[in-house]
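Here's the structure, in structure tokens; my notes come after.
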Amino acid sequence: MLTKRIIPCLDIKEGRTVKGTNFIDLRDAGDPVELGALYAEQGADELVFLDITATVDNRKTLVNLVREVARHVNIPFTVGGGISSIEDVSALLNAGADKVSINSSAVRRPQLVDELAMQFGSQCIIVAIDTRFVGGKNWVHTHGGRKITEIQTLAWAKEVESRGAGEILLTSMDADGTKAGFANELTSQISLQSSIPIIASGGAGTMEHFYEVFTEGKADAGLAASIFHFKEIEIIELKKYLANKGIPMRIY
Amino acid sequence: MEIAIIKYNAGNVQSVMYAMDRIGVKYTWTDDEKVIESADKVIFPGVGEASTAMAYLREKGLDQLIPKLQQPVLATCIGMQLLCRDSEENNTTCMGVFDVSVKRFISPDLKIPHVGWNSIQAYGENPLMEGLKNDEYVYFVHSFYAPINPYTSAACAYVQPFSAMMQKDNFYAAQFHAEISGLVGQKIIQNFLAL
């Protein structure tokens with residue numbers, strides 16, 4: 001049976017793992033290669049590395065980091081942050097990344113999703129959507145959640161799917177950093193109207209929150225960062241807990 | 001032992017090479033017919049689209065070479081589909097080692113592609129699953145599948161049962177990505193290398 005996936009996210013700044021609350025106030029949580037390999041050993045189903053300070057200068061650092069991660073990690077991993085061209089994707093996939101995640105660049109030029117899917121296949125193209133509830137509606141945000149757009153979240157999810165996205169990484173900026181639970185209502189709304197997998201992100205604080213996002217939220221995967229980095233929740237314990245509650249999990 | 005990894009225009013072959021590094025074996029990444037022919041083991045990996053991949057293999061003459069190889073060959077993901085007779089993916093004629101047509105998943109409720117960890121069950125003799133239990137999890141990412149057929153050596157179910165692994169003579173094939181399937185995937189690759 002296809003399992004639900006537990007995905008630790010490692011936010012990367014200058015080659016180190018960081019995680020802040022509501023994307024500000026960053027704290028150092030260690031070496032990404034070591035942390036990634038540890039998570040793989042502990043039963044993580046995939047990893048996501050997000051370069052949160054993506055600049056041209058940092059590109060080489062990121063590619064080198066991806067190469068090191070790929071050498072040491074035996075599960076799939078995704079790289080995101082500042083990706084805006086076929087060349088960027090090509091460099092990351094060639095270094096050993098299994099998938100890439102694009103966000104602001106897709107909003108700026110939606111055709112990029114088509115081009116990447118055509119060139120590399122939908123299976124390795126994740127579109128990350130940062131969303132916030134403003135004035136009674138959910139709006140897509142860009143630039144790490146700092147800029148609002150005029151695009152509604154559900155419409156954008158449908159559009160990127162039709163353009164060839166393989167998965168959607170949905171981050172609720174309202175829930176992110178609160179540890180009060182995932183945005184289950186929005187996640188479920190998008191998941192039910194999508195035929196591609198939805199990775200839910202933002203708000204995980206307890207094991208129960210993951211149970212809720214897989215049941216009420218209808219998510220295909222649950223992503224979190226700080227609760228794993230600071231060992232508030234051990235991945236293996238989380239997976240046992242979910243399996244006991246009837247959620248299909250890969251446990252070995 | 002000489003291991004050749006077939007070089008063609010399929011994405012993300014790097015993961016396969018790193019998996020070989022972790023196991024600690026040397027390999028050559030090549031499209032040179034002589035090197036491929038003389039290797040002890042051949043790996044035919046890949047992620048990508050069938051018609052583009054076949055066009056490249058034809059241009060290099062590899063579509064003629066691969067089906068005639070005598071040594072153990074391990075084909076994964078699109079590599080496995082290209083060893084079938086044809087594929088619904090852009091109506092592509094493939095190499096025909098396995099007399100099977102690759103089909104597109106169609107489901108009103110399940111998400112396509114089939115992405116993530118799913119369990120597999122061995123059928124008949126499957127030397128690549130030696131030392132592994134049934135219902136072990138491996139990582140899949142695909143929209144097209146080979147139906148259950150006489151060559152099926154492991155099955156998985158998504159939408160309906162399909163071939164997770166196939167075997168015919170010296171040809172071994174896996175739909176999933178053994179190279180990123182944790183320790184289970186590593187064991188499958190090691191079993192292939194030990195053939």
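On a predicted model such as this, the values are computed, not experimentally measured, just so you know. Heavy atoms only: backbone and side chains are in, while hydrogens, waters and symmetry mates are out.
Between B/Y139 and A/R5 there is a side-chain heavy-atom pair separated by less than 4.5 Å. With a 4.5 Å cut-off on side-chain heavy atoms, B/Y137 and A/P248 do not count as touching. For the pair A/S191 and B/K111, the minimum side-chain heavy-atom distance is below 4.5 Å. Looking at heavy atoms from C-beta onward, A/N74 lies in side-chain contact with B/L183 at the 4.5 angstrom threshold. Using a 4.5 Å heavy-atom cutoff, the side chains of A/R67 and B/Y18 are in contact.
In terms of heavy atoms, B/V115 sits closest to A/K99 at CG1-NZ, 3.9 Å. Shortest non-hydrogen contact noted between A/I196 and B/I112 is CG2-O, 3.9 Å. The two atoms that bring B/R22 and A/H72 nearest to each other are NH1-N, 4.3 Å, heavy atoms only. Shortest non-hydrogen contact noted between B/Q14 and A/L93 is CB-O, 4.3 Å. Residue A/G96 comes nearest to B/S15 through the heavy atom pair O-OG, 3.8 Å, listed as atom of the first residue, atom of the second, then distance.
Distance check, rounded to the nearest 0.5 Å: CD of A/Q123 to CD1 of B/I78 gives 9.0 Å.
Other residues, nucleotides and ligands place more than 12 heavy atoms under 6.0 Å from the CD atom of B/E33. Counted within 6.0 Å of CE on A/M118, heavy atoms from surrounding residues, nucleotides or ligands total 12 or fewer; the atom is thus considered open. For A/E34, the CD atom sits in a loose shell: 12 or fewer heavy atoms of surrounding residues, nucleotides or ligands are nearer than 6.0 Å. Other residues, nucleotides and ligands contribute only 12 or fewer heavy atoms inside 6.0 Å of the CD atom of B/E130. Within a 6.0 Å radius of CD in A/Q111, more than 12 heavy atoms belonging to other residues, nucleotides or ligands are found. Heavy-atom contacts from other residues, nucleotides or ligands closer than 6.0 Å to CD of B/E2 number 12 or fewer. Atom OH of B/Y123 has 12 or fewer heavy atoms from other residues, nucleotides or ligands within 6.0 Å. A 6.0 Å sphere centred on NZ of B/K133 holds no more than 12 heavy atoms belonging to other residues, nucleotides or ligands.
For A/E167, the part lying near chain B is the side chain, with the backbone staying farther off; criterion is any non-hydrogen pair under 4.5 Å. Proximity to chain B involves both the backbone and the side chain of A/I198, based on heavy atoms less than 4.5 angstrom apart. Looking at A/A95, the atoms closer than 4.5 Å to chain B (heavy atoms on both sides) all sit in the backbone: N, CA, C or O.
A donor-acceptor pair is defined here as one N or O able to donate and one able to accept, closer than 3.5 Å; no such pair exists between the side chain of A/R71 and the backbone of B/A19.
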Under the side chain to side chain contact (heavy atoms under 4.5 Å, CB included) rule, what do A/M1 and B/Y158 come out as? Steps first, then yes or no, please.
CA-CA 7 Å; A/M1 189 173 194; B/Y158 190 71; over 6 Å; no
Before you tell me yes or no, could you show the steps for B/H114 and A/L2 under side chain to side chain contact (heavy atoms under 4.5 Å, CB included), namely the whole-Å CA-CA distance, both residues' side-chain angles and the distance that decides it to 0.1 Å?
CA-CA 8 Å; B/H114 172 218; A/L2 183 65; 3.7 Å; yes
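No hydrogens or angles considered: nothing links the side chains of A/T3 and B/N118 as a donor-acceptor pair under 3.5 Å.
Across A/G121, A/S195, A/A40, the residue that shares the most heavy-atom pairs under 4.5 angstrom with chain B is A/S195. In terms of non-hydrogen atom pairs under 4.5 Å with chain A, the most contact-rich of B/G182, B/G185, B/S119 is B/G182.
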